[in-house]
Q: 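Quick one: the structure is below, and I'll ask about it shortly.
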Number of protein chains: 2
Amino acid sequence: MSIRQATRRKILELGEDLMQKRGFNAFSYHHISSELGIKNAAIHYHFPSKESLGRQIIKNTHERFSKWISHPEHRVLPVAEQLDWLIKIYQYNLEKENRVCLIGSLATDYYTLPLSMQAGIRKLSADVQNWLAQLLEGGRQQGVLSFEGKSRDKALTILTSLAGSLQLARLLGNEMFHKVVEQIHLDLKLTY
Amino acid sequence: MSIRQATRRKILELGEDLMQKRGFNAFSYHHISSELGIKNAAIHYHFPSKESLGRQIIKNTHERFSKWISHPEHRVLPVAEQLDWLIKIYQYNLEKENRVCLIGSLATDYYTLPLSMQAGIRKLSADVQNWLAQLLEGGRQQGVLSFEGKSRDKALTILTSLAGSLQLARLLGNEMFHKVVEQIHLDLKLTY
DNA sequence: GTCTATACCTTGATAGAC
DNA sequence: GTCTATCAAGGTATAGAC
């Protein structure tokens, strides 16, 4: 990425933040332009439409996830630490002024989104789900954790709980997020 | 409620549906008026502002919940059936063209909402949380279900999971909701 | 790449007739 | 209670100068 693309990068960062704090429909080009000290039209130079901006944000998040789970150093970590890594992502959002996760944010906006964004967020959520299901299955076979039922169902239960936690934390206070994480650990009988 | 208030009732019903399908910011008075075959201004007669409409919808949902949990017939039901009743509410939303729950919808919109609506949804979520925590605690003492940790934390884990399920079901398909419900039951070692 | 200027649409809301 | 008419504000987007 050339240094000239600095503005583009800032737009993407801010857009991501706004999507997770306000939702796709509730942020405008003005939120971004005023924050960056530029004008409306400058954003349209980098992203011709709001849809193109949204699509790129989803893509970036997806690529970060894909790169990390396939990274040699990451794949070799103990199951507990890989799970911890996932939870840390949610915790990071919590601490960034109560962002919700991108998937949860776009899921509630889903029926108002352009089709290309709907497809993007579907793919992302499927990948996350598959990855966690495999991780749990491996962990159970190794005996480092324990649970009833199919690993896929357990993965879904955990993911929905994490996504929901970030949302409810806005209403009930951030401590509850940590309580839920504790409970997830308990329910997995996780041994470090 | 007089028969004259039929329009008001329809507005509230449709508004609730729209909030749970599109979110508070993504539905407009036009969505309602065109559906009801009336004009924009007629809605403003019943609800001077969008905020007043949103507030009343939250209030109605809260009252339905409060009335039901304090109803003599309901309080006397077995723990498993009371839990089932809660889950059926979520399932009802799922089947109503993938509504998400009101709390989840307003939680992602939270920072864009009028203060009165923020307060309303905070109160509702606190009441639901307290009720479920007590129910689980009672069930554990009776020995009809079993789990590790505090009943409050377990309640939060289940509620977040249910809320998240309605959202993820839009992306991954409705079957996953039922899987999550199954998993919740498994994790509670619920005995009927 | 960023600006000014502007077109065009949708939104929530109000005034006043019926 | 509902209508017509109208408004101001805010939204996305484009054209063309610099």
Side-chain angles (χ1 to χ4, degrees), chain A residues 1-19 21-58 105-106 108-109 111-118 120, chain B residues 1-19 21-58 105-106 108-109 111-118 120:
Chain A
M1 184 187 296
S2 83
I3 190 155
R4 293 244 193 70
Q5 298 272 17
T7 301
R8 181 186 157 94
R9 213 198 60 243
K10 285 182 201 163
I11 292 170
L12 283 166
E13 272 176 23
L14 245 172
E16 189 175 318
D17 189 65
L18 285 162
M19 277 175 71
K21 282 206 188 101
R22 304 178 55 93
F24 187 68
N25 295 305
F27 87 86
S28 72
Y29 275 44
H30 184 69
H31 282 110
I32 297 179
S33 59
S34 67
E35 179 74 26
L36 297 187
I38 59 179
K39 295 297 173 186
N40 206 339
I43 306 179
H44 277 283
Y45 168 79
H46 295 280
F47 300 96
S49 68
K50 200 181 175 185
E51 174 177 1
S52 66
L53 173 58
R55 229 184 302 130
Q56 191 59 51
I57 289 170
I58 296 172
S105 170
L106 292 182
T108 59
D109 289 341
Y111 297 117
T112 74
L113 296 179
L115 293 181
S116 71
M117 288 182 64
Q118 292 187 355
Chain B
M1 185 186 296
S2 84
I3 192 155
R4 292 244 194 68
Q5 299 273 17
T7 301
R8 182 186 155 94
R9 215 199 58 242
K10 285 182 201 161
I11 292 170
L12 283 166
E13 272 175 23
L14 244 171
E16 189 175 317
D17 189 65
L18 285 162
M19 276 176 71
K21 281 206 190 100
R22 303 178 55 92
F24 187 70
N25 296 306
F27 87 87
S28 72
Y29 275 44
H30 184 70
H31 283 109
I32 297 179
S33 58
S34 66
E35 178 74 25
L36 295 186
I38 58 180
K39 296 297 174 185
N40 204 341
I43 306 179
H44 277 283
Y45 169 79
H46 295 280
F47 300 96
S49 68
K50 199 182 177 187
E51 174 178 0
S52 66
L53 173 57
R55 229 184 302 130
Q56 190 59 50
I57 289 171
I58 297 172
S105 170
L106 292 182
T108 58
D109 288 342
Y111 297 117
T112 74
L113 297 179
L115 293 182
S116 72
M117 289 182 64
Q118 292 186 354

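Sequence lines set the chain letters: A, B, ... in the order given, protein chains first and strands last, and positions in each chain run from 1.
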Q: Taking the side chain as everything from C-beta on, heavy atoms only, tell me whether B:Phe27 gets closer than 4.5 Å to B:Ile32.
A: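 B:Phe27 reaches B:Ile32 side chain to side chain.
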Q: Within the 4.0 Å limit for protein heavy atoms, which parts of nucleotides 8-18 of chain D are touched? Write it as a string from 5' to 3', B for base, S for sugar-phosphate only, - for none.
A: ---SBBBB---
Q: Taking side chain to side chain donor-acceptor pair (under 3.5 Å) as the test, write out the residues that go with A:Lys50, two or more places apart.
A: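 Counting only residues at least two positions away or on another chain, A:Lys50 forms no side chain to side chain donor-acceptor pair (under 3.5 Å).
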Q: Considering only heavy atoms from C-beta outward, does the side chain of A:Thr7 approach that of A:Ile43 to under 4.5 Å?
A: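 No - every pair of side-chain heavy atoms lies 4.5 Å or more apart.
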Q: Calculate the interatomic distance between B:Ile43 atom CD1 and C:dT14 atom C1'; express it in whole Å.
A: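 The answer, rounded to whole Å, is 15 Å.
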Q: Kindly say if B:Thr7 contacts the phosphate of D:dT2, meaning a side-chain N or O under 4.0 Å from OP1 or OP2.
A: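 Yes, because at least one side-chain N or O of B:Thr7 sits under 4.0 Å from OP1 or OP2 of D:dT2.
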Q: What's the closest nucleotide to the B:Lys39 side chain, out of D:dT4, C:dT4, D:dT2?
A: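 Nearest nucleotide to the side chain: D:dT4.
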Q: Whole angstrom is fine here: how far is it from OH in A:Tyr45 over to C1' in C:dT4?
A: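 Whole-Å distance recorded here is 18 Å.
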Q: Indicate yes or no: at least one non-hydrogen side-chain atom of B:Lys21 is less than 4.5 angstrom from one of B:His31.
A: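 A side-chain contact under 4.5 Å is absent here.
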Q: For B:Ala42 versus B:His46, what's the shortest heavy-atom pair and its separation?
A: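 What the structure gives for the nearest pair is O-CD2, 3.2 Å.
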Q: Without swapping roles, check the side chain of B:Ser105 against the backbone of B:Met19 for a donor-acceptor pair under 3.5 Å.
A: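 Judged by distance alone, yes, a pair lies under 3.5 Å.
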